[in-house]
Amino acid sequence: MTQSRSVYRFNSVIVRTPSQSVVNGLRADDRGNPTHAGVKAEHDAYIAAMRDAGVEVTVLPALEAFPDSVFVEDPALVFTEGAILLRPGAETRMKETAEIAPTLRDLFDTVLDLPSGYADGGDVLTTPKSVMIGLSARTDRTGAEALASCLDRLGRKAEVVATPEGVLHFKTDCSLLDDETVLSTARLARSGVFEDFRQVIIPEGEEPAANALRVNDVVMVGSDFPRTIEMLDRLGYKVVPLKTTEIGKIDAGLSCMSLRWYRA
Ligand code: CIR
């Protein structure tokens with residue numbers, strides 16, 4: 001049933017309003033704090049772009065106790081067939097799952113719990129061939145395998161792959177452009193994980209642009225990456241540039257700010 005619908009066909013998303021504490025979000029390198037107003041503006045534009053792309057947006061309230069809770073992609077995974085509550089691999093983010101669980105139980109008939117290990121939604125790329133789960137500092141092998149068995153229960157085939165050393169999440173370095181094509185950094189493409197796909201490689205120096213987001217007819221791309229935008233434009237994609245300067249300071253991109261699915 002879902003196989004005939006593109007995996008980037010969505011009519012529903014969940015987002016969470018950024019808290020004031022977002023300025024203290026986790027980051028690997030300190031490039032200065034983002035401002036709350038800046039993150040909020042980027043988030044507001046993201047919500048507007050989602051609505052323009054034709055999806056219904058559920059906006060959850062800010063959680064001051066969790067600086068990174070605006071990145072709802074990490075504590076859960078959602079599909080038409082059901083939701084999976086994950087266990088984020090960062091200490092300060094683990095309790096975000098309990099915060100989002102009641103909303104998912106309201107919206108989905110089937111909600112599974114990751115039985116063991118750690119896994120972040122940012123490490124999961126859904127493609128028409130499989131659901132790819134990247135091992136990373138946040139997603140361990142136990143979590144990846146447990147997630148694969150949850151996906152099997154939802155009728156989805158999983159594939160456990162590697163994330164390049166030092167890269168936060170698998171999807172930090174890639175996104176799906178259409179049913180056959182991925183956008184990837186050169187370093188991730190070199191690992192060979194996308195051999196079965198057409199690959200569009202990010203221009204050198206614009207690596208954070210790899211976390212783009214295909215939603216229905218458009219591809220959302222960080223507006224700080226003009227060469228990537230021009231490349232995708234030339235390839236015929238309908239690009240929607242969105243500012244990610246502030247969330248980029250806390251290692252986030254466009255996929256991180258939503259949970260997306262097609263509600264049948
Ligand atoms: C973190 O380190 O968890 C956040 N500062 C960024 C999370 C980005 N999420 C994602 O790529 N899915």
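Counting starts at 1 for both ligands and their atoms, following the listed order.
Ion pair E73/K171 flagged as a salt bridge, since at least one NZ, NE, NH1 or NH2 atom sits closer than 4.0 Å to an Asp/Glu carboxylate oxygen. Taking 4.0 Å as the cut-off between side-chain N and carboxylate O, R187 and E207 do not count as a salt-bridged pair.
When only modelled atom types and interatomic distance are considered, S21 and N24 share no side-chain donor-acceptor pair under 3.5 Å. A side-chain donor-acceptor contact under 3.5 Å links S258 and R260.
Panel note: side chain D251, backbone A28; a donor-acceptor pair is recorded below 3.5 Å. In terms of modelled atom types and a separation under 3.5 Å, the side chain of E246 and the main chain of E42 share no donor-acceptor contact.
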Please tabulate protein-ligand N/O pairs under 3.5 Å for ligand 1, atom names and distances to 0.1 Å.
unit_1, atom_1, unit_2, atom_2, d
ligand 1, 2 (O), R138, NH2, 2.9
ligand 1, 3 (O), R93, NH1, 2.8
ligand 1, 3 (O), R138, NH1, 2.9
ligand 1, 5 (N), L26, O, 2.8
ligand 1, 5 (N), D68, OD1, 2.8
ligand 1, 5 (N), I250, O, 2.8
ligand 1, 9 (N), D74, OD2, 2.9
ligand 1, 11 (O), H169, ND1, 3.0
ligand 1, 12 (N), E73, OE1, 2.8
ligand 1, 12 (N), D74, OD1, 2.9
ligand 1, 12 (N), D74, OD2, 3.4

